[in-house]
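Each chain gets a letter, A, B and so on, in the order the sequences are listed, and its residues count up from 1.
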2 protein chains.
Amino acid sequence: MKPTIYDVAKEANVSIATVSKVLNNTGRIGEHTKKRVISTMKDLNYAPSSVASALTKKQTDSLGLIIPDISNPFYSEVSRVIEDAAFEKGLTLFICSTDYNIEKERKYIELLHRKQVDGYIIASGFKSMDLMKGLIDDTFPIALFAQDSPTNNFNVISVDDYKGGYLAINHLLSLGHRNIGVIAEYVNSSKIRLHAYRDLCDMYGLPVQEKNIKKTIANITNGEKMMKELLQQENPPTAVFACNDALAIGAMKAAREFKLNIPKDVSIIGFDNTILSSTGVPELTTIQQPINEMGKEIVDAVIHEMRTPESVKQRKLFTPALIERESTGEV
Amino acid sequence: MKPTIYDVAKEANVSIATVSKVLNNTGRIGEHTKKRVISTMKDLNYAPSSVASALTKKQTDSLGLIIPDISNPFYSEVSRVIEDAAFEKGLTLFICSTDYNIEKERKYIELLHRKQVDGYIIASGFKSMDLMKGLIDDTFPIALFAQDSPTNNFNVISVDDYKGGYLAINHLLSLGHRNIGVIAEYVNSSKIRLHAYRDLCDMYGLPVQEKNIKKTIANITNGEKMMKELLQQENPPTAVFACNDALAIGAMKAAREFKLNIPKDVSIIGFDNTILSSTGVPELTTIQQPINEMGKEIVDAVIHEMRTPESVKQRKLFTPALIERESTGEV
DNA sequence: GTGAAAGCGCTAACAA
DNA sequence: TTGTTAGCGCTTTCAC
């Protein structure tokens, strides 16, 4: 049997209270007994039970991380960063993949609720924000990653989408492209990136052609499909901004099927700077989100909410960067 | 405050034992009271506390999944499958990335031990097998994924590495290649795949040239480096078997740097069939591990150990399959 | 500086 | 069929 606090108390000839105190460095205990307790803990190979302490302290030191799909490179990379940041702070993560599926979201939220996680980190693609509010207390720690919830008031950590869109389009414009297509997602971040697109078009006196803007759900197949549509219309764009790397990879496939050289015949730029952007040929020019900093920040945000539930919520937007590789070139 | 079992008991005019019984469907309770209890649970928006029940039942319904790195596509894909299988069985996962780092392994194992996970799933790359044995009981549920521990006795779920190596090399041989290089890892699975290589060479009467066998740590950069070495020697191989997709992607990079066409000048085959194998150009021919089945099996294996700790351990080897894409061709 | 005791929310004997 | 009660392993007053 795993030794308990009673075992070490008995063995060290002290009370369990004393053991607890040396365990948590609380109260005052004599140097001598402290040493003795510590050494018998070692002798017994004692490890305190987190579940017992969670029950008394009403705190589990764990967080729920809700993402669409851990096997998607962007989310797995983000998860890794968040895992490290959480671990650093003594928190463990329940990582949950919901596949944009409301039913799965509900089940996972209920599960985590029963597991008494101390807070949630919710990544883009989460749909059940309202269900969430019903299930849990209004002041319960929740932070949003790369997702907005305009109707609710949460801490959110995100990339500056306008800036990201701006960087991407501006890069294409500076390369001389004047007929630029966009493959966007049905999400808020894409909408904002499109604002940058429109504004930049205005600035350059270019007419914004709606037919050049495709919206879809982000995956490689859809990227391919949308790119084909773009390429099939008359006067097709000479450059395409895909709102994430997966869409961009799909777009590159389509271009290749059309026997188009990248970047000679058509330039393609992605978003996220996932591993996919550096493993293909040509390597993908893309916009990098500073996920390391963002991961740290979001963990800090949840912790802050845990400590001060009534604190004012913030939105922190991080500055993206252009990563020039091989998929974009002069027109 | 979150309602407790006492709240619903009082509200429904029954004892907490009764509530517990309807909660767990144990004992016998009258239809009528059962209904009443259930409805007041709904009214109060009651959700039982897993931590309290964990404390009494000495079972947390959670598993530790130890992998080298969740941001590595192979492991993120594997994790996804295991997550789903575990969720299906009512188990949640603590996913821990250890970076092949003994210190991190130790910290995570200790952490999970205190969290009282019901079992461990340990994926390839784990080094502290012996530490593990010291920390936990001999009959504690542990299953190994794609990793062997010859000196210990565990349930292991793995791919049939010999068969995988055989499929890869045989594919290359059937394409006419007679000078085949291998980029392997410093791990047992690679060793077994190399057995297949040697055996096949023997069968074909080909001399096994040690200079054609490179060993390294699996990542893209090392794949590139090893491939360059292979390519720089005189009479370089016309085909290379990389023991996983990351190495293969690196190898493709190197080939390209040498202005070699794939597969015309050199064929490359990978292993794992991760997303990387279908996003590049040319798409990578590779060996697929049936990770869906393997994921289900390993969760089942841990559950089985949880229920019958003394059960005989097994090794289950799953049959891989050749996925022909574009990176291999006739010599 | 140390200990006794209550309680965290639940399960499982055992009684009734 | 339902209720009483004793823990599960820990934290935290409050006495001493």
Between atom [atom1] in [X] and atom [atom2] in [N], what is the gap in whole Å?
X: Lys115(B); N: dC10(D); atom1: NZ; atom2: P; answer: 15 Å
X: Leu23(B); N: dA12(C); atom1: CG; atom2: P; answer: 11 Å
X: Ile5(A); N: dG3(C); atom1: CD1; atom2: C1'; answer: 13 Å
X: Asn24(A); N: dG9(D); atom1: CG; atom2: P; answer: 17 Å
X: Ile16(A); N: dA5(C); atom1: CD1; atom2: P; answer: 11 Å
X: Leu44(A); N: dG9(D); atom1: CG; atom2: P; answer: 14 Å
X: Lys2(B); N: dC10(C); atom1: NZ; atom2: C1'; answer: 11 Å
X: Asn25(B); N: dA12(C); atom1: CG; atom2: P; answer: 13 Å

Indicate whether OP1 or OP2 belonging to [N] is found under 4.0 Å from a side-chain N or O atom of [X].
X: Ser15(A); N: dG3(C); result: yes
X: Ser49(B); N: dC10(C); result: no
X: Thr56(A); N: dC10(D); result: no
X: Ser20(A); N: dT11(D); result: yes
X: Lys58(A); N: dG9(C); result: yes

- Hey, is CD on Glu88(B) packed in by over 12 heavy atoms from elsewhere, all under 6.0 Å?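 For Glu88(B), atom CD is not crowded (no more than 12 foreign heavy atoms under 6.0 Å).
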
- Query: Counting only heavy atoms not in Lys104(B), do more than 12 sit closer than 6.0 Å to its NZ atom?
  - Reply: yes

- Message: On DNA chain C, does the nearest nucleotide to Tyr6(A) precede the nearest nucleotide to Thr33(A) from the 5' side, or the other way round? Give the residue.
- Response: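 Mapping each residue to its closest nucleotide by heavy atoms, the 5'-most match is Thr33(A).
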
- Item | Earlier contact from the 5' end, DNA chain C, for Lys21(B) and Leu55(B) | Leu55(B)

- Query: Between Phe140(B) and Tyr120(B), is the ring centre distance below 6.0 Å?
  - Reply: yes

- Item | Tyr108(B) ring center within less than 6.0 Å of Phe87(A) ring center | yes

- Want to settle it: does Lys34(B) or Gln116(B) sit nearer the 5' end of DNA chain D, counting the closest nucleotide to each?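 The residue whose closest nucleotide sits nearer the 5' end is Lys34(B).
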
- Contact class for Val51(A) vs. all strands (heavy atom < 4.0 Å): base, sugar-phosphate, or nothing? nothing

- Message: Just to verify, which of Ile109(A), Leu112(A), Leu65(A) counts as forming a side-chain contact (heavy atoms from CB on, under 4.5 Å) with Cys96(A)?
- Response: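 Result for side-chain contact (heavy atoms from CB on, under 4.5 Å) with Cys96(A): Leu112(A).
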
